[in-house]
Trainee: 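Have a look at the structure that comes next, please.
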Amino acid sequence: MAKKKPLVYVTRKIPTEALARLHQRCEVLLWGEELPPPREQLLRDIADADGLLCLLTDPIDETVLKAASKLRVISNMAVGYDNIDVAAATKRGIPVGNTPDVLTETSADFAFALLMAAARRLPEGERYVKAGHWRTWSPMLLMGQDIYGATLGIIGLGRIGQAVARRARGFDMRILYHGGSNAEAAAVLGAQQVDLATLLQESDFVSLHVPLTPATRGMIGAQELRLMKPTAILINTARGPVVEAMALYEALKNGEIAAAALDVTDPEPLPADHPLLQLENCLVTPHIASSSQATRARMAHMAVNNVIAGLQGEPLPYCVNPAVYPDKP
Ligand code: DGY
């Protein structure tokens, strides 16, 4: 009798080729809707699953894990995994996988695109033209901030922070950083380590590249925003709750800083009537920094590789809780 294939619950449609590979090896229960599975649905669907391929929009907590008595692997199709209670998974011996590296350059491209768009006021310019306001060349029309030669403050000089710094070098920027320190990489990049207050006070652009943890939640609030220059621009491609949304709103409205460009928000998605969306100087995109066709395909393949390895009892190629493998060096 043929061996029964393991069942993998996939919480959304993922790029086709990777999904096809999963179908070849496993029974797949796919939640095919546009929005994430509602909580009750997730709890029902996970009950018989041997593996879970989930997204950053799926909270995988103690209750979900309790409902998933057969679960042997969790694979998040994202580098960040703040949606997963990793400690609870580790306690149950369940490995958790993520998708680092493959999205580094694509995400850094996007962070830099946001920086440039906000600095040079691209969204405002486009809105102005499309609204039919463009009547002549004007000496002071939509004046923005220079990027070349400016000071960039990177909070979190990890993989993506370093990739942003590499782009900044091409613009002759002075680079400061705080956190995620890798002295060797910083030296190569000519990035100077400073305390948070100095970074906020001296930077023309502040770009966030920290994971969401209890220590980074709300790390940019009213007090931090007040330290920034009135001409400064804040870029967030990390996680929304790193910035206190209403403090940012006040700072932008009162001219404490010049602009913000956010690919991540709190809450996410931002409701259409949220105060931040009423501001001309706040550019918001829908969490798409890693969304190039090639990168999302690579992320999906990595997520599938993690699931398959977990189901075969092998160490995940990218595992965030190696403590589940006590025998591995
Ligand atoms: C991640 O991977 O954590 C990003 O936020 C989405 O690509």
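As the structure is a computational prediction, the values presented were derived from the model and not from experiment. Numbering of ligands and ligand atoms starts at 1, following listing order. Positions are given from 1, in the same order as the sequence printed here.
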Trainee: Is a side-chain donor-acceptor pair under 3.5 Å present for R159 with S107?
Mentor: no
Trainee: Evaluate N305 against R21 for side-chain hydrogen bond (donor to acceptor under 3.5 Å, both in side chains), listing each step before the verdict.
Mentor: CA-CA 9 Å; N305 292 346; R21 281 180 51 232; 2.3 Å; yes
Trainee: Near M299, which atoms of ligand 1 are under 4.0 Å from a heavy atom of that residue?
Mentor: 7 (O)
Trainee: State whether the shortest distance between N or O atoms of H287 and N or O atoms of ligand 1 falls below 3.5 angstrom.
Mentor: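 N/O-N/O distance under 3.5 Å: yes.
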Trainee: Is V79 in polar range of ligand 1, meaning some N or O pair under 3.5 Å apart?
Mentor: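 Yes: some nitrogen or oxygen of V79 is under 3.5 Å from one in ligand 1.
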Trainee: Polar contacts were defined as any N/O atom of the residue lying under 3.5 Å from an N/O atom of the ligand; does this apply to G80 and ligand 1?
Mentor: yes
Trainee: Is any NZ, NE, NH1 or NH2 atom of the basic residue among E126 and K130 found under 4.0 Å from an Asp or Glu carboxylate oxygen of the other?
Mentor: yes
Trainee: Assess, by modelled atom type and distance only, whether the side chains of N321 and T90 contain a donor and an acceptor separated by less than 3.5 Å.
Mentor: yes
Trainee: For ligand 1, which atoms have a heavy atom of L103 less than 4.0 angstrom away?
Mentor: 2 (O), 7 (O)
Trainee: Could you tell me if H287 and T285 have a donor-acceptor pair between their side chains, going purely by distance under 3.5 Å?
Mentor: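 Per modelled atom types, T285 and H287 side chains form no pair under 3.5 Å.
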Trainee: Do the charged groups of R92 and E62 touch, with an N to O distance under 4.0 Å?
Mentor: yes
Trainee: Should you measure from each heavy atom of R239, which atoms of ligand 1 turn up under 4.0 Å away?
Mentor: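 Listed by number with element, the hits are 1 (C), 3 (O), 4 (C), 5 (O).
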Trainee: Is there a nitrogen or oxygen of S290 sitting under 3.5 Å from a nitrogen or oxygen of ligand 1?
Mentor: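 Yes, at least one N or O pair falls under 3.5 Å.
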Trainee: Which ligand 1 atoms does L56 reach within 4.0 Å, using its non-hydrogen atoms?
Mentor: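 Atoms satisfying the 4.0 Å criterion: 5 (O), 6 (C).
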